[in-house]
> 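One structure, as C-alpha cells, below. Some questions next.
Worth knowing before you read on, the calculation uses all heavy atoms, side chains too, and leaves out hydrogens, waters and symmetry mates. Per chain, numbering begins at 1; letters A, B, ... match sequence-line order.
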Protein chains: 2
Amino acid sequence: MFEPFENYLDHLSIDCVIFGYHNRTLKILVPQLKTESDIWTLPGGFIKEDEDIDQAAKRILAERTGLEDIYLEQFRVFGKANRKNSMVLDAFENSEQDLYFDKQLMDEPIRNWLSGRFISIGYYALVDMDKVVPKRMPIDKKIAWYALEDLPRMIMDHNQQVTKALDVLREQLDSKLLGFNLLPDTFTMKEVQEVYETIHDQKFTRSNFQSKMLSLGVLERLEKKYTGASNRAPYLYRFKK
Amino acid sequence: MFEPFENYLDHLSIDCVIFGYHNRTLKILVPQLKTESDIWTLPGGFIKEDEDIDQAAKRILAERTGLEDIYLEQFRVFGKANRKNSMVLDAFENSEQDLYFDKQLMDEPIRNWLSGRFISIGYYALVDMDKVVPKRMPIDKKIAWYALEDLPRMIMDHNQQVTKALDVLREQLDSKLLGFNLLPDTFTMKEVQEVYETIHDQKFTRSNFQSKMLSLGVLERLEKKYTGASNRAPYLYRFKK
DNA sequence: TTTCTATTGTATAAAAAATATACATTAAAT
DNA sequence: ATTTAATGTATATTTTTTATACAATAGAAA
C-alpha cells in the first residue's frame with residue numbers, strides 16, 4: 001500500500017484541512033486513529049523526492065481520505081523546532097492500526113524517522129460533502145466530518161492549522177470559489193448565497209448579495225429553473241468560461 | 001564559518017526577498033556570486049534540525065547579508081519537483097568563491113547534497129536601506145540593491161519569488177508596517193505617505209491619505225516638528241503602544 | 001512689522017460603494 | 001381568478017472613498 005519510507009523527503013510533511021460544505025453546514029474532515037485512546041489528526045503525509053508539493057498534497061489526500069481530483073490551496077508552513085509526532089507514535093505502539101505506514105513494516109528505522117521533527121506545509125480545500133464520494137477506501141478505519149465547534153482536540157498544532165485555514169478560506173472565497181468546484185455546473189443565486197453565509201458564518205441581504213455577486217463579473221445567467229414550487233422561478237447561473 | 005552540512009534538513013531551503021526602502025525608492029537586496037559568469041541569487045540557506053523555521057530565516061539572512069534583527073514574514077513555499085541548484089553548482093566548480101559552504105570543504109557528499117531537489121520556503125522583509133547597517137560582513141563578495149526594473153536574472157525561480165513577495169507585501173502593508181520597523185520612532189504623515197506611494201508605485205491624495213491612515217487607529221499624534229522650513233510645521237506621529 | 005511662499009491641517013463636496021427597504025413579478029396551488 | 005412564497009429589480013439610505021477648496025502657519029523676504 002505504501003511506498004518504502006526511503007522515498008520520502010525527511011522532516012517534511014503535508015497536512016490538509018478539508019472543509020466540507022453541504023446544505024448550509026461547514027465541516028472539517030478528520031480521520032480518527034484508533035489506539036488505546038482515540039487520536040485525531042488532519043489527513044497528512046509525506047512528499048516523495050520526485051514529486052511537486054502540490055501533487056504530493058493531492059496524493060496524500062487521496063490516500064488518507066479517498067478524495068480525488070480536489071483543488072487544494074497552500075496556505076501556511078508550520079515549522080517550530082519542537083514540532084514532533086512523538087506522542088502519536090507512542091500511542092501507536094499499543095495499537096493494531098496503521099498510521100502513515102503499514103504497522104507490520106514499522107521497523108526501528110521507520111519509527112526513528114517518524115519521531116523526528118517535521119515541518120508541515122498546510123493545504124486546504126473546500127468540497128461538497130455529499131458530492132465527493134471517495135473512489136477508494138481511506139486507509140483510516142474511521143473518518144468523519146466535524147463541525148468547527150465540535151472539532152476534537154487533534155495532535156500537535158492541527159487545531160491551529162484549521163483556524164488559520166479558515167481565515168485564509170474566507171479571504172480567498174471570492175477569487176477561489178470557481179476553483180473549489182463546490183457548486184454544480186449550473187446553480188441559483190440562492191445556492192451561492194448559502195455557501196457564502198455558511199463559510200462566513202453571517203447573513204447577507206439577498207438583494208445586495210445578488211448585485212455584489214454579479215458585479216464580480218464571473219457569472220453568466222442562463223435559463224430559468226422550474227422546480228415545481230409555487231413561486232417565481234429563479235434563474236440559473238454558471239461560471240463564465 | 002558554517003556548520004557541517006549534516007546539521008541541516010535535507011531538501012529544504014529558505015530564500016529571503018529583502019525589500020529596501022529609502023527616500024522614495026524601493027529595491028531588492030541581491031547578492032552576486034562571482035563565478036566564470038556572474039550569478040545572482042536571493043539570500044538563502046538551510047534549516048538546522050533543531051531550529052524554528054522563522055529563526056532559521058533570520059539566521060540565514062544575517063549570514064548572507066549581515067542584516068540582523070529583521071522582521072521576516074513567510075509568504076509562500078516553492079516546491080516543484082525539478083527545483084534544483086544544479087546549474088549554480090556547475091558554475092561553482094570553476095570558481096574560487098564560497099556559496100552555501102566553504103569551498104575548501106566542498107567534498108563529494110556535500111556536492112551531492114546540494115545538487116538534490118530543494119523545497120524553498122519564501123520569506124520577505126521590508127527594511128530601511130540606509131538605517132540597516134550590516135553588523136558583520138556578508139559572506140558574499142558582492143551584494144547590492146537593485147530596483148525592481150533592474151533586477152538581474154536570478155537562479156531558479158528567484159525572480160518569480162520577488163514578484164510574489166511584492167504582491168503579498170502590498171496586501172499586508174497596512175497591517176505589517178509597524179512590524180517592519182521601517183520608520184523612525186516618530187515620523188510625519190508625509191513620510192508614511194512616501195512609503196506607501198513607493199511600495200504601491202502610485203500616488204495618493206494627501207488629504208485623503210491622512211484621514212485613511214488615521215482611521216486605521218494605530219497612530220498617535222505628538223508635538224509638532226519644526227524643521228526650519230518656512231511653512232507650517234507638520235505633526236509628528238508614532239505607532240500606539 | 002507686514003507680506004509672501006510653501007506646506008500642512010482640516011473641512012466640505014462629489015462620487016462610488018455598500019447596505020437597507022420597498023415593490024413588482026411569477027410559478028403553481030387553491 | 002386568487003393566493004402564497006420566493007424571486008428580480010428598483011430605489012432610498014448610509015457609509016466609504018475620492019476630489020476639491022481653503023484656512024493655518026513657519027520662516028524668509030520686503
> Heavy-atom distance under 4.5 Å between the side chains of A:Gln74 and B:Arg76, does that happen here?
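Yes, their side chains come closer than 4.5 Å.
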> Taking any heavy-atom pair under 4.0 Å as a contact, classify B:Lys212: base, sugar-phosphate, or nothing.
nothing
> Quick one: list whatever passes salt bridge (charged side-chain N to carboxylate O under 4.0 Å, His left out) with B:Lys240, sequence neighbours left out.
none
> Mind calculating the distance between CD (A:Gln193) and C1' (D:dG8) to the nearest angstrom?
13 Å
> Reading DNA chain C from 5' onward, which residue's closest nucleotide shows up sooner: A:Ser211 or A:Ser230?
A:Ser211
> Taking 4.0 Å as the cut-off, does a side-chain nitrogen or oxygen of B:Arg206 come that near to OP1 or OP2 on D:dA21?
no
> Round to a whole Å and report the spacing from CZ of A:Arg221 to P of D:dT7.
14 Å
> Could you state the CG-P distance from A:Asn231 to D:dG8, rounded to the nearest angstrom?
10 Å
> Quick one: the side chain of B:Arg232 and the base of D:dA24, do they pair up donor-acceptor inside 3.5 Å?
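By the distance-only test, yes, there is a pair.
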> Rounded to whole angstrom units, what separation is found between the OH atom of A:Tyr226 and the C1' atom of D:dA6?
14 Å
> Considering residues at least two apart in sequence or located in another chain, which fulfil the ring-ring contact (aromatic ring centres under 6.0 Å, His included) criterion with A:Tyr124?
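For A:Tyr124, the residues satisfying ring-ring contact (aromatic ring centres under 6.0 Å, His included) (neighbours in sequence not counted) are A:Phe180.
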> Would you tabulate the side-chain donor-acceptor contacts of residues 211-218 of chain A under 3.5 Å, counting partners in other chains and residues two or more places apart, or write 'none'?
| unit_1 | atom_1 | unit_2 | atom_2 | d |
| --- | --- | --- | --- | --- |
| A:Ser211 | OG | A:Ser207 | O | 3.4 |
| A:Ser211 | OG | A:Asn208 | O | 3.2 |
| A:Lys212 | NZ | A:Asp174 | OD1 | 3.1 |
| A:Lys212 | NZ | A:Asp174 | OD2 | 3.3 |
| A:Ser215 | OG | A:Lys212 | O | 2.7 |

> Which is the 5'-most and which the 3'-most nucleotide of DNA chain C that has an atom under 4.0 Å from a heavy atom of chain B?
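Counting from the 5' end, contacts occupy C:dT5 to C:dA11.
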> Taking B:Glu197 as the fixed residue, which of B:Lys203, B:Arg170, B:Lys190, B:Arg206 is the one that meets the salt bridge (charged side-chain N to carboxylate O under 4.0 Å, His left out) rule?
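Of B:Lys203, B:Arg170, B:Lys190, B:Arg206, salt bridge (charged side-chain N to carboxylate O under 4.0 Å, His left out) with B:Glu197 is met by B:Lys203 alone.
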> What's A:Ser207 touching, base or sugar-phosphate or nothing? Going by heavy atoms closer than 4.0 Å.
base
> A:Arg238: what forms a salt bridge (charged side-chain N to carboxylate O under 4.0 Å, His left out) with it, not counting sequence neighbours?
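Here the qualifying residues are A:Glu220.
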> On DNA chain D, nearest-nucleotide positions of B:Ala233 versus A:Leu214: which is more 5'?
A:Leu214
> To the nearest angstrom, how far is A:Glu194 atom CD from D:dA6 atom C1'?
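Rounding to the nearest Å, CD of A:Glu194 and C1' of D:dA6 are 12 Å apart.
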> For B:Gln210 and D:dT18, give me the distance from atom CD to atom P, rounded to whole Å.
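The answer, rounded to whole Å, is 16 Å.
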> In whole angstrom, give the distance that lies between atom CG of A:Asn208 and atom P of D:dA12.
15 Å
> Provide, to the nearest angstrom, the distance between the CZ atom belonging to B:Phe209 and the C1' atom belonging to D:dT17.
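It is 15 Å, rounded to the nearest whole Å.
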> What residue pairs, at least two apart or across chains, pass side-chain hydrogen bond (donor to acceptor under 3.5 Å, both in side chains) with a residue in residues 158-168 of chain A?
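Pairs touching residues 158-168 of chain A that pass the test: A:Asp15-A:His158, A:Asp15-A:Gln161, A:Arg153-A:Asn159, A:Asp157-A:Gln161.
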